[in-house]
Q: 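Got a structure for you, written out below as structure tokens; questions coming shortly.
Everything numeric here is computed off the predicted structure, so don't read it as measured data. Residue indices begin at 1 and follow the sequence shown. Just so you know, these numbers use all the heavy atoms, side chains as well, and skip hydrogens, waters and symmetry mates.
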Amino acid sequence: MFGLGKLLYVVILTINGIAVLSEDRFLNRIGWGSTTGSSNGNVNMQNQFNQFSSGLDSSEGSIKTKLINLISAVRTLMRIPLIAVNIVMILYELLLG
């Protein structure tokens, strides 16, 4: 059955996934980092992605820009609370799971 507990797990695991994304290894390569320049010389791959996603960048308030800001906010603001939530979740699973 799908309940609120499973929904809570999905939300927490999704936020964990966003929080651990590496800006240097992953986000900059696809053009979603705060600094969109490629740090390891993959300029061709960056240009191809920019050509592919040029339709998304048509306005300043585009979906891509909003997602980049959301990822950045989650990575900076949710680190400390996620540590506490993860500890509580682990203890709950160990004791009652």
Side-chain angles (χ1 to χ4, degrees):
M1 276 293 225
F2 188 75
L4 290 178
K6 297 291 181 184
L7 182 64
L8 181 66
Y9 285 156
V10 168
V11 168
I12 291 173
L13 290 174
T14 303
I15 294 172
N16 277 328
I18 293 171
V20 300
L21 284 175
S22 173
E23 192 164 346
D24 293 335
R25 289 185 180 186
F26 179 71
L27 294 175
N28 282 341
R29 284 188 183 175
I30 63 170
W32 285 44
S34 59
T35 58
T36 58
S38 180
S39 61
N40 62 358
N42 260 338
V43 176
N44 290 334
M45 190 166 116
Q46 181 71 28
N47 289 336
Q48 289 173 357
F49 183 80
N50 286 339
Q51 289 173 353
F52 175 75
S53 65
S54 63
L56 294 175
D57 293 334
S58 60
S59 66
E60 188 170 328
S62 69
I63 295 172
K64 180 180 173 184
T65 305
K66 290 178 183 179
L67 286 174
I68 290 170
N69 290 337
L70 177 67
I71 290 171
S72 177
V74 167
R75 291 182 70 224
T76 56
L77 297 175
M78 293 297 292
R79 283 206 177 150
I80 303 299
L82 271 176
I83 293 170
V85 169
N86 285 329
I87 289 172
V88 169
M89 219 170 100
I90 290 169
L91 290 175
Y92 173 78
E93 286 294 323
L94 285 174
L95 297 175
L96 302 173

Q: Let me check something: do M89 and L8 share a hydrophobic cluster, defined by ILVMFWY side-chain heavy atoms less than 4.5 Å apart, either directly or through other members?
A: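 Yes: a chain of side-chain contacts under 4.5 Å links M89 to L8.
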Q: Would you compute the distance between atom CD1 of I68 and atom CD1 of I63 and round it to the nearest 0.5 angstrom?
A: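 If I round to the nearest 0.5 Å, the distance is 12.0 Å.
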Q: Report the distance from atom CG of L95 to atom CD1 of I90, rounding to the nearest 0.5 Å.
A: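 Here the interatomic distance stands at 11.5 Å.
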Q: Can you tell me how far the CD1 atom of I71 sits from the OG1 atom of T76, to the nearest 0.5 Å?
A: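 Nearest 0.5 Å value for the CD1-OG1 distance: 12.0 Å.
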Q: So does Y92 have more than 12 non-hydrogen atoms from other groups sitting under 6.0 Å from OH?
A: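 Atom OH in Y92 is not packed in, count stays at 12 or less.
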Q: So with a 6.0 Å cut-off around CG of L94, is the heavy-atom count from everything else above 12?
A: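 Yes.
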Q: Compare every heavy atom of L82 with every heavy atom of A19, then report the nearest pair and how far apart it is.
A: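 The answer is CB-CD1, 3.7 Å.
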Q: Roughly how far apart are N16 CG and I83 CD1, rounded to 0.5 Å?
A: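 Reported value, rounded in 0.5 Å steps: 10.0 Å.
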Q: Taking a hydrophobic cluster as the set of Ile, Leu, Val, Met, Phe, Trp and Tyr residues connected by side-chain heavy atoms closer than 4.5 Å, whether directly or through intermediates, do M78 and I18 fall within one such cluster?
A: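 Yes, M78 connects to I18 through the hydrophobic network.
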Q: Treat each ILVMFWY residue as a node, draw an edge where side-chain heavy atoms are under 4.5 Å apart, and state whether V74 and V20 are in one component.
A: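 No.
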Q: Treat each ILVMFWY residue as a node, draw an edge where side-chain heavy atoms are under 4.5 Å apart, and state whether L7 and I12 are in one component.
A: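 L7 does not cluster with I12.
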